[in-house]
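Start at 1 and go down the list; that is how both ligands and their atoms are numbered. Numbers for residues simply follow the sequence, beginning at 1.
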Amino acid sequence: MTTENERGDVKSIETRCLHLSRAEERRRYAETFGAISYPIYQTAAFEHPGVRDDYEPGQDHISLSAGYNYTRESNPTRSHLEKVVAQLENGEFALATSSGMAAITLLLNLFHSGDQIIVDSDLYGGSIRLFSEYESRYGLTFTRCDLTKQDPSEFATDRFKAIYFETPTNPMAHVSDIEKHAQFAHDRGALCVVDNTFLSPYFQNPLDWGADVVIHSGTKFLSGHHDTIAGFLVVREVGLAEELRSLSTTVGSALAPFDAWLVLRGIRTLAVRLDRAQENAMKIVDWLQCQRHVRRVFYPGLESNPGYAVMKKQARGFGAMLSFETDTKERAINVLTKVQTIVFAESLGGVESLITYPIAQTHASVPSDVLDANGLTDRILRLSVGIENADDLLADLDQALNY
Ligand SMILES: *Cc1c(COP(=O)(O)O)cnc(C)c1O
């Protein structure tokens, strides 16, 4: 049975993957024909019924049929997805963008030349590349700080505007305390931004711990089927939401209606996919730890992970991403070519298990001093665990690793 509070909000996250919380929103699902699946509004523009009586030149004066005007600005299918994602992240507003990188780029547009953003040293390679572009072209200052070892307050200047991190990170599974870093940022009037791609809202809600902005590559767990590219920014504060919405309309980074629909479709099974993928990941972690050719296993659910206690505090699960270090570089490369059920491919978070070689793929453009500082070697492989039968995945890893 479903429990609801006074606002009519559905409490459980599994149900929120399928239904918008408020009863009134659920009725709108039925809009015209009572469709269970939300329609794809594949249109660029919307008809205006007329011009408002109080029309004054230079003002926003066109009356809109149902609040829609032009799809770069807003579209019903995208709006529906944005409501679903905002609700899953316990946020008030979400913006769906054409990719995770588009979401991060949109966010950077909030800042001015000279502003300082403190970023964790272990980040998605594409984010590192984007930040160095913005530093050299537009004069934003990105100060790299190892949040597992260093205190960000030692780096903050009087132009400090935001702290930016992922938790847990990829591929080293570093964990950062969201509550602590949000407090640090807020004490200085700055924003706390968390890329929550790796755990998804099913396992972690950074806004609940004080973050101001949550980022997602919707390409990964949210859509979950390796079949589309999407991104999100989720916020609580109305002023910030309006600023981002207006920037999104101006720069044109919004997600197309069909892709919005694919992400909606993926989200409907988020809970069951992640439960199974995490269960599989834990079995693989246990197995890898006993393998003679495996030196180290990186997974935030290992009690030996220094971030384990923080994970237990701020997340409801440990996710389906793990990395491991083999004894030699040759063996690591061999595993990539020998896997059969597991696919050697970039990306993560989908129903099929994928294996990647971070040093040559996701982190190929990361400077070698940063790689060394993070301990990312040429023997480390990253596995995004899918929903296959766990024994089949173990058998595949066994034949790739041990023969
Ligand atoms: C993939 C990814 C991104 C970029 O998202 P795209 O959808 O590929 O643009 C950003 N952050 C993290 C943690 C990612 O894994």
Practice prompt. Determine, using ring centers only, whether Phe131 and Tyr164 are less than 6.0 Å apart.
Written response: yes
For atom [atom1] of [X], decide whether the heavy atoms of other residues, nucleotides or ligands shown that lie under 6.0 angstrom number more than 12.
{"X": "Lys313", "atom1": "NZ", "value": "yes"}
{"X": "His186", "atom1": "NE2", "value": "yes"}
{"X": "Tyr70", "atom1": "OH", "value": "no"}

One pair per line, please: each N/O atom of ligand 1 matched with every protein N/O atom under 3.5 Å away, atom names first, then the distance to 0.1 Å.
| unit_1 | atom_1 | unit_2 | atom_2 | d |
| --- | --- | --- | --- | --- |
| ligand 1 | 5 (O) | Ser217 | OG | 3.0 |
| ligand 1 | 7 (O) | Gly100 | N | 2.9 |
| ligand 1 | 7 (O) | Ser217 | OG | 2.8 |
| ligand 1 | 7 (O) | Thr219 | OG1 | 2.6 |
| ligand 1 | 9 (O) | Gly100 | N | 3.0 |
| ligand 1 | 9 (O) | Met101 | N | 2.9 |
| ligand 1 | 11 (N) | Asp195 | OD2 | 2.7 |
| ligand 1 | 15 (O) | Lys220 | NZ | 2.8 |

Discussion item. Can you tell whether the side chains of Asp208 and Arg236 come within less than 4.0 Å, N to carboxylate O?
Written reply: yes
Worksheet item: Step by step, would you call Val238 with Glu92 a side chain to side chain contact (heavy atoms under 4.5 Å, CB included)?
Response: CA-CA 8 Å; Val238 61; Glu92 291 292 330; over 6 Å; no
